[in-house]
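Notes follow once the structure below has been shown.
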Amino acid sequence: MSETNTLHAAFAGHVSSALDALEAAGALPAGLNRAAITVEPPRDPSHGDLATNAAMVLAKPAGMKPRDLAEGLVAELAKLPQVTGAEIAGPGFINLRLSREAWLAELRGIATTGADYGRSAVGGGTTVNIEYVSANPTGPMHMGHCRGAVVGDALAALLEFSGHKVVREYYVNDAGGQVDVLARSVHLRYREALGEDIGEIPEGLYPGAYLAPTGHRLATHYGSKFVDAPESDWLVLFRKEAVADMMAMIREDLGLLGIHHDIFSSEAELQAAGKPAEAEAWLRERDLVYDGMLEAPKGKTPEDWEPVELPLFRSTKFGDDQDRPIKKSDGSWTYFGADLAYHYQKAQSADALVDIWGADHAGTVKRIKAAVAAMTGAEGEAIPFEVKLVQMVQLLRDGEPVKMSKRAGTFITLADVVREVGKDVVRFTMLTRKPEAQMDFDFAKVVEASKDNPVFYVQYCHARVSSTLRKAAAEGLGPSGADLELLEEEELELVKLAAQFPRIVEAAAAAREPHRIAFFLHDLAAAFHAYWNLGNDRPEKRFIVVQNGKLTGARLFLATQIGQLVRNGLALLGVEAVEEM
RNA sequence: GCGCCCGUAGCUCAGUUGGAUAGAGCACGAGCCUUCUAAGCUUGGGGCCGCAGGUUCGAAUCCUGCCGGGCGCGCCA
């Protein structure tokens, strides 16, 4: 792993060193908590290139006035060769201006590090397990699964880029009642394959035609031996076979999006291995599971409510609203009972856990967080665990909601959408909104070739760089880092924006928010296009100025690095950059 | 009834995890271009960051309580 010492990272270090110097000189008490100190570009560019709040953050614990502290810091920071201006502003900000050479050096740094620009070691090599998709193995993936799949996958790439080991995991819910339904549905298709007229698929079974091949396969393999056999003879077998086929289909769907998990964990195998039972015993020893009665749900009082004694996990002890059953009255495990053991298993081989769930499961976040806290926090700190909820996507066609009905067979699958608009459009679009906000996916808009469409806008930026380089090559010109001092103010602004990429990546990784990368790319593209447009009216501002080879070389060098940055960002999102449009 | 998410320009949304005078696109207004640097450009107006308190040097951001919208809520997955 190549660690990039980027300009922003360097300045965080410089501020820290300056504080060390003040401490050594006795001008600042030692051992103050510096966690809240930031070094970042101010919103208002007139305030300079970088600003730090260090003086304000430390003033109180140091028992000093912010300005006094700031003066000492300014004196230290002004010694740095890259700093051309350091001043105290507002309530105690320190604003720094950096030399042209400092920015040009960063531009060269992008060229040197290339595809690794933005990569960092902030993750410290810790292992993060990300569980995403985990769609029930009862049919092909539909658009409801798509967003979580993309967000999870982009997050995985982002965390890897930021110095984490990442495990991409899929939890296969192959043990519950819905896979029994699946098995029965397949049994019907099996009979169908043997020539029986099965008529209309009964209510309560999966009607999808995608089950027919499985039925046919079983018919070929087993003949008619299960046609009239009791369910107990075939249920387990049919369940297993059907799940295997469904998972093959789901993997294929995921492959269309470029998504490949490292681990597929089976709920059924987990149960067969006795993991939930182990967890229960462990929890009972600590009085975290007890036999008790659930209260009737409040608000709506169902007539069929009957209190039953069940083994309950004390999730209320960890912030949940109610204790939760881990077993049903028939003795089988609840989803939660198995999921609890599953999370414990994941925690064994990871330093942190992330789950990406659909918003419809929001109600169960507290209990699983409670479970992880209880099971991993028994001795020492509980493992860091986050559940990221992604909101639903509404499909639109020319502004009209696409009507879907599973029964009518008109639901749109993920494969349909990828086929229609392409993997890259799907992936990028899914990241153009923060995950916790609902989003519309309009088939017409996502493929529109206009600046209203962020996918196009960002790709166009990359294509423009490529076409410019092609055109220059035809003129015998190419990028060169030899005369970068010829770059002017407008070009330098572009460099300053580009140089923010590493901190955007770092912040996005820390917040587990890959969509920030997409927004940064859009900003970068906007700045690039704006610069490009200067050349419309002023030919001397174009990238290619034939009569000035040195200037052209410098500008092409800049363009090359912008293109590199777009590729780096898109790579994190799992989107391929295009050479032409 | 309870829980979670959301509420930012007319619309769709960002907002660097507490920073300075809150941003972008669309739409609207005004100019420009008639081109191959093509899938337009420049520029302007537009805000009680849902409301009210609180925390502190400082709040769109954190806390509390309301209002409004969405989702969920039993041993389903």
Side-chain angles (χ1 to χ4, degrees), chain A residues 36 38 40-44 46-47 51-53 56-57 59-60 65-66 89-93 95 134-136 138 173 175-179 267 294-302 304-306 308 310-312 320-322 324-339 358-366 387 389 391-392 432-440 445 448-454 456-457 460 463-464 467-468 471 500 503-504 506-508 510-513 515-516 518-520 522-523 526 529-530 532-537 539 541-544 581:
Chain A
T38 58
E40 49 193 29
R43 282 189 196 161
D44 184 344
S46 72
H47 290 143
T52 179
N53 61 357
M56 289 184 294
V57 170
K60 199 172 190 181
K65 290 183 190 166
F93 286 102
N95 292 334
S134 298
N136 287 335
T138 54
N173 302 136
Q178 87 287 354
V179 283
E267 181 185 3
L294 285 176
E295 287 176 35
K298 288 169 185 158
K300 44 175 186 177
T301 43
D304 61 341
W305 175 258
E306 286 175 26
V308 184
L310 293 167
L312 301 179
D320 199 0
D321 317 292
Q322 196 179 13
R324 304 292 175 177
I326 60 170
K327 275 184 184 174
K328 307 178 206 172
S329 50
D330 68 359
S332 66
W333 297 101
T334 62
Y335 181 85
F336 173 64
D339 203 25
D360 51 339
H361 291 86
T364 63
V365 171
K366 280 186 178 180
V387 181
L389 297 174
Q391 286 290 338
M392 292 301 163
T432 54
R433 206 126 296 180
K434 60 181 172 186
E436 63 268 32
Q438 289 134 274
M439 114 164 153
D440 292 341
K445 284 187 181 163
E448 195 175 274
S450 80
K451 68 179 293 193
D452 309 349
N453 179 3
F456 169 82
Y457 201 55
Y460 186 26
R464 249 184 180 167
S467 77
T468 305
K471 194 177 167 194
Q500 292 196 50
R503 30 179 310 278
I504 299 289
E506 194 176 318
R512 277 89 163 98
E513 291 184 348
H515 73 276
R516 294 191 192 193
F519 280 96
F520 172 78
H522 187 264
D523 288 348
H529 290 311
W532 175 277
N533 288 325
L534 292 176
N536 285 334
D537 297 331
K541 294 304 291 183
R542 297 183 179 188
F543 279 92
I544 301 172
M581 312 197 70

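To find a chain, count down the sequence lines: A is the first, B the second, and so on, and within it residues start at 1. Excluded from the calculations below are hydrogen atoms, water molecules and symmetry mates; all remaining heavy atoms, backbone and side chain alike, are included.
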Should [X] be listed as having a side-chain N or O under 4.0 Å from OP1 or OP2 of [N]?
X        : N      : value
A:Asn536 : B:rA38 : yes
A:Arg433 : B:rC13 : yes
A:Arg464 : B:rA39 : yes
A:Lys434 : B:rU61 : no
A:His529 : B:rA38 : no

Contact class for [X] (heavy atom, under 4.0 Å): base, sugar-phosphate, or nothing?
X        : answer
A:Asn453 : nothing
A:Ser329 : base
A:Ile326 : nothing
A:Met581 : base
A:Ala51  : base
A:Ser467 : nothing

Base-pairing mate for [N] - Watson-Crick or G-U, with both contacts under 3.5 Å:
N      : result
B:rA14 : none
B:rU64 : B:rA52
B:rG74 : none

pi-stack flag for A:His47 and B:rA20, centroid dist under 5.5 Å, interplanar under 30°: yes
ring centroid sep under 5.5 Å plus plane angle under 30, A:Tyr460 with B:rA39: no
Nucleotide B:rU12, atom C1' - distance to NE2 of A:His522 in whole Å: 12 Å
Given the [atom1] atoms of [N] and [M], what is the spacing between them in whole Å?
N      : M      : atom1 : result
B:rC62 : B:rA14 : P     : 15 Å
B:rG3  : B:rG74 : C1'   : 14 Å
B:rA22 : B:rU61 : P     : 14 Å

Within-4.5 Å side-chain heavy-atom neighbours: A:Thr468 and A:Arg542: no
pair A:Trp532-A:Arg464: side-chain heavy atoms closer than 4.5 Å: yes
Sidechain N-carboxylate O distance under 4.0 Å for A:Asp452, A:Lys445: no
Minimum-distance nucleotide to A:Arg516 side chain [options: B:rU37, B:rC5, B:rG15]: B:rG15
Of A:Ala449 and A:Asn95, the one whose closest RNA chain B nucleotide lies more 5': A:Asn95
